[in-house]
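The residues of the chain are indexed from 1 along the displayed sequence. Both ligands and their constituent atoms are indexed starting at 1 by order of listing.
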Amino acid sequence: MGKLRGFVEYERMVEGYVPVEKRIKNFKEFTIKPKDDDLIKQGGRCMDCGVPFCHSGCPLGNLIPDFNDAVYNRNWKEALKILHSTNNFPEFTGRLCPAPCESACVLGLINPPVSIELIEKYIVERGFKEGWIQPIKPKRRTGKKIAIVGSGPAGLAASQQLNRAGHLVTVYERDSKIGGLLRYGIPDFKLEKSIIDRRIEILTLEGIKFKTNTEIGIDVSIKKLKKDNDIVLLCGGATLMRSLPIPGHELNGIVQAMRFLKRQNQVIGENFSKVEELNAKNKNVIVIGGGDTGSDCIGTSNRQGAKSVLNFEILPKPSKQRTVENPWPYWPFTLKTSSSHEEGSKRQWSILTKEFLDDGNGNVKALKTVEVEWIKKSDERPKLVEIEGSEKIWPCDLVLLALGFTGPDKEIINDLKLNSDNTSKPFTTKYQTSDKKVFAAGDLRRGQSLIVWAISEGREAAYEIDKFLMGSTELASKVHGDLPSVK
Ligand SMILES: Cc1cc2nc3c(=O)[nH]c(=O)nc-3n(C[C@H](O)[C@H](O)[C@H](O)COP(=O)(O)OP(=O)(O)OC[C@H]3O[C@@H](n4cnc5c(N)ncnc54)[C@H](O)[C@@H]3O)c2cc1C
Ligand code: SF4
């Protein structure tokens with residue numbers, strides 16, 4: 001344990017932000033690095049609990065008290081070693097994770113929890129700055145060939161683990177750059193793309209091959225990929241976007257959030273030109289959907305120079321505190337206000353869009369909505385009821401649909417005749433599909449989720465693949481309790 005009674009002495013600290021009026025002028029990350037002495041104190045707040053609930057909160061099983069202690073003792077290199085032993089990419093989770101570990105932290109019962117995510121981010125950033133993060137090449141090659149379809153966090157984590165086990169790994173990506181939703185979904189102000197590039201450089205030096213602009217099923221058939229490799233791992237994500245098929249949905253100016261966010265990422269990262277339909281400049285914008293994607297649309301719209309930004313959510317406004325039905329250490333379903341919400345947007349709760357209205361030239365000019373109530377009878381799921389007389393018209397020029405994703409593309413799953421559920425998510429046992437040569441991980445397997453889960457699934461799938469191919473494995477696994485020895 002770092003500092004006896006450190007949690008009494010030191011208050012929780014989080015990162016500062018560049019002021020709103022300054023940060024919305026560009027797409028750069030806007031967090032302010034705390035001083036090392038302050039970070040160290042944050043590590044000293046950890047109680048090194050006998051039963052560290054933070055562990056079970058983290059899908060990766062990060063060894064949190066151990067790296068907190070190392071940071072408190074200024075042993076940053078040791079902290080990095082501990083962190084990397086369970087997480088291939090702490091620079092992504094340290095920036096973007098909703099931190100279920102912090103929600104589960106025992107200190108959270110009576111005090112603000114340990115700033116675990118903040119500590120994680122600055123351990124890995126220190127590692128890059130000091131040059132401690134270097135390619136690790138496998139000592140021997142097994143001669144086994146593995147093809148990974150999709151280069152999001154699941155595919156990348158699996159590729160690094162499998163390469164370290166000595167297999168020859170090629171990652172196929174249909175987009176022109178590597179990273180999946182890290183690259184094309186999440187905006188630069190949350191994750192500058194140079195952060196992805198420096199990690200890809202290391203993976204490439206470790207021996208992993210990347211083939212971009214290559215869509216499996218179109219440029220190369222899945223059957224050929226299977227024939228040419230010992231194993232195929234499907235990490236194509238949950239890419240099918242949910243639509244809103246109400247009257248007027250075909251009008252111009254109604255755009256899927258991912259098209260909008262992708263174009264902005266391409267404008268910055270690949271010098272693509274701006275497209276009027278996919279730009280919020282001088283427009284009244286309504287974002288439908290109150291999740292992470294909706295929040296990213298708000299931040300992007302404000303940076304593009306939107307006139308106004310409104311955000312609609314069909315669910316009721318959550319409470320600020322945990323309720324009795326939602327106790328610690330479970331994930332808190334409380335009101336979340338992101339940095340993008342703070343930058344200028346009005347949020348409307350319990351609201352249902354009924355119709356998009358036409359300006360007479362095929363463009364959207366307004367939305368018609370009703371307010372809704374969620375009625376819950378005991379033992380039944382809450383039922384949505386429209387409130388009579390609550391109709392309202394909301395003028396707008398651009399509507400962004402951030403309604404989530406329904407599942408993976410069907411083609412590969414169908415071509416391989418994999419057993420799957422009604423959204424085409426393949427059924428798996430230990431990440432292996434009904435075709436023994438084909439494994440699956442990430443959002444494609446579990447449905448729309450989080451980066452930390454994608455990395456976890458990539459690691460666990462790699463563990464199972466190595467074991468399947470070689471009979472045993474030295475890779476780490478949280479599920480099997482085979483956590484690495486780092487001391
Ligand atoms: C806008 C947005 C913001 C988000 N913000 C956060 C956040 O702040 N924190 C968080 O934890 N999570 C966030 N998420 C969720 C997170 O990004 C995903 O859960 C995660 O990226 C899933 O990883 P994955 O590797 O399974 O799939 P993806 O990241 O979706 O990657 C799949 C890749 O496979 C490629 N592919 C698909 N089919 C083929 C094919 N046939 N051939 C070749 N390539 C193919 C795709 O092009 C894509 O690059 C966000 C999601 C979105 C959409
Ligand atoms: S639960 Fe919180 S206080 Fe306890 S070991 Fe984990 S981070 Fe430290």
Does NZ in K193 sit with more than 12 non-hydrogen atoms of other residues, nucleotides or ligands closer than 6.0 Å? yes

Cationic N near anionic O, under 4.0 Å, E270 to K177: no

Applying ring pair (Phe, Tyr, Trp, His ring centres under 6.0 Å) as the test, list every pair that has at least one member in residues 398-438; sequence neighbours left out. none

Lys/Arg-Asp/Glu bridge criterion (N-O < 4.0 Å) met for E125, R198: yes

Does atom NZ (K224) have a neighbourhood of more than 12 heavy atoms from anything else shown, all under 6.0 Å? no

Check this for me, if you would: do R445 and E457 make a salt bridge, where the nitrogen-to-carboxylate-oxygen distance has to be below 4.0 angstrom? yes

Y122: side-chain hydrogen bond (donor to acceptor under 3.5 Å, both in side chains) partners, not counting sequence neighbours: E15

Salt-bridge test for K336 and D292: reply yes if a basic N is under 4.0 Å from a carboxylate O, no otherwise. no

Within the distance-only criterion (no hydrogens, no angle test), does the side chain of T300 pair as donor or acceptor with the backbone N or O of C297 below 3.5 angstrom? no

Per-pair distances, ligand 1 N/O vs protein N/O, less than 3.5 Å:
| unit_1 | atom_1 | unit_2 | atom_2 | d |
| --- | --- | --- | --- | --- |
| ligand 1 | 8 (O) | L96 | O | 3.4 |
| ligand 1 | 8 (O) | K190 | NZ | 3.1 |
| ligand 1 | 9 (N) | L96 | O | 2.8 |
| ligand 1 | 11 (O) | I451 | N | 3.0 |
| ligand 1 | 19 (O) | D443 | OD1 | 3.2 |
| ligand 1 | 19 (O) | D443 | OD2 | 3.0 |
| ligand 1 | 19 (O) | S449 | O | 3.1 |
| ligand 1 | 19 (O) | L450 | N | 3.4 |
| ligand 1 | 25 (O) | P153 | N | 3.3 |
| ligand 1 | 25 (O) | A154 | N | 3.0 |
| ligand 1 | 26 (O) | D443 | N | 2.8 |
| ligand 1 | 29 (O) | L181 | N | 3.0 |
| ligand 1 | 38 (N) | R174 | NH1 | 3.4 |
| ligand 1 | 41 (N) | I216 | O | 3.0 |
| ligand 1 | 42 (N) | I216 | N | 2.9 |
| ligand 1 | 44 (N) | R174 | N | 3.2 |
| ligand 1 | 47 (O) | E173 | OE2 | 2.7 |
| ligand 1 | 47 (O) | R174 | NE | 3.3 |
| ligand 1 | 49 (O) | E173 | OE1 | 2.6 |
| ligand 1 | 49 (O) | E173 | OE2 | 3.1 |

Using a cut-off of 2.8 Å, count how many protein N, O or S atoms are strictly closer to atom 6 (Fe) of ligand 2. 1

